[in-house]
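Notes to accompany the following structure.
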Amino acid sequence: MINKDVLKKAIEAYTARTGLPLNNNIEAVLFDMDGVLYDSMPGHARAWKAMCDAEGIEADADEFFAYEGRTGASTINLLYMRQFGHGADDDTCRRLYAIKSANFKAMGLPPLMPGARRAVETVVKGGPKCVLVTGSGQASILERLDRDYEGAFSLRVTAHDVKHGKPDPEPYLLGLAKAGAVQSSAVAVDNAPLGVESASRAGIFTIGVRTGPLPEGALMAAGADIELNSMEECADLLSELL
Ligand code: CA
């Protein structure tokens, strides 16, 4: 159950930080994908690590949780700078991302995040538009969304749509534009510090959901307006809010 006082305080803090009210009539809920709709982050981390091993790039599987939300090209550039002292050109980014994507696909499809379907169904029934806002370009998982979430995500921002990935606010601002919504009538749901930062900087009421190995408070520190421990809690909060 969501404590109503905690939610009320979070909305007051949102207004203090942005100067905006949070409208009673929410028009759009923007969902991140990996670690929110799918329990896919452990698989992504293993896929990145296997690509690095094959390419002679030193890396630790756990470090990829910290890069969550970045575009693939941004992560590859970071790895290249560290290993070789220079960035990776576009061809290299495409080639290495293709290897990582193939590794991920070979692991089979990741499970849905518990609670995520109920959260999305709550939004669909309540009336607001659902918008996908992901830094991912992973075709194998994007192709599954329609089946797993019954067409709820016709509006999508993916790695292919943005110049600046998370933590830049661009992905969430584009998500708002696609829904035709303004900040004060939207809510964002993200599980990673970089994603939370992106949504928060876009001026959206940001629900941080700790579905992975993050310490308590890490998403509040990144700019979340409220931090929850699961998508089950998020579903409860959305039914309270909508
Ligand atoms: Ca995520």
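Computed over heavy atoms, backbone and side chain alike; hydrogens, waters and symmetry mates excluded. Atoms within each ligand, like the ligands themselves, are counted from 1 in listed order. Along the sequence shown, residues carry numbers from 1.
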Remaining members of the apolar cluster that contains Phe84, side-chain heavy atoms under 4.5 Å | Trp48, Met51, Ile57, Phe64, Tyr67, Ile76, Leu78, Leu79, Tyr80, Leu96, Tyr97, Ile99
Is the Ca ion (ligand 1) less than 3.0 Å from at least one N/O/S atom of Asn191?
-> yes
Is the distance from the Ca ion (ligand 1) to the nearest N/O/S atom of Asp34 under 3.0 Å?
-> yes
Identify, by name, the N, O or S atom of Glu68 lying closest to the Ca ion (ligand 1).
-> OE2
When you measure from the Ca ion (ligand 1) to each N, O or S atom of Asp32, which atom gives the shortest distance?
-> OD2
Joint cluster assignment, Met33 & Leu30, ILVMFWY side-chain distance < 4.5 Å = no
Taking the six-membered ring for Trp, are Phe104 and His44 parallel (under 30°), tilted (30 to 60°) or perpendicular (over 60°)?
-> parallel
Decide, yes or no, whether a salt bridge links Lys166 with Glu197 under the criterion of side-chain N to carboxylate O below 4.0 Å.
-> no
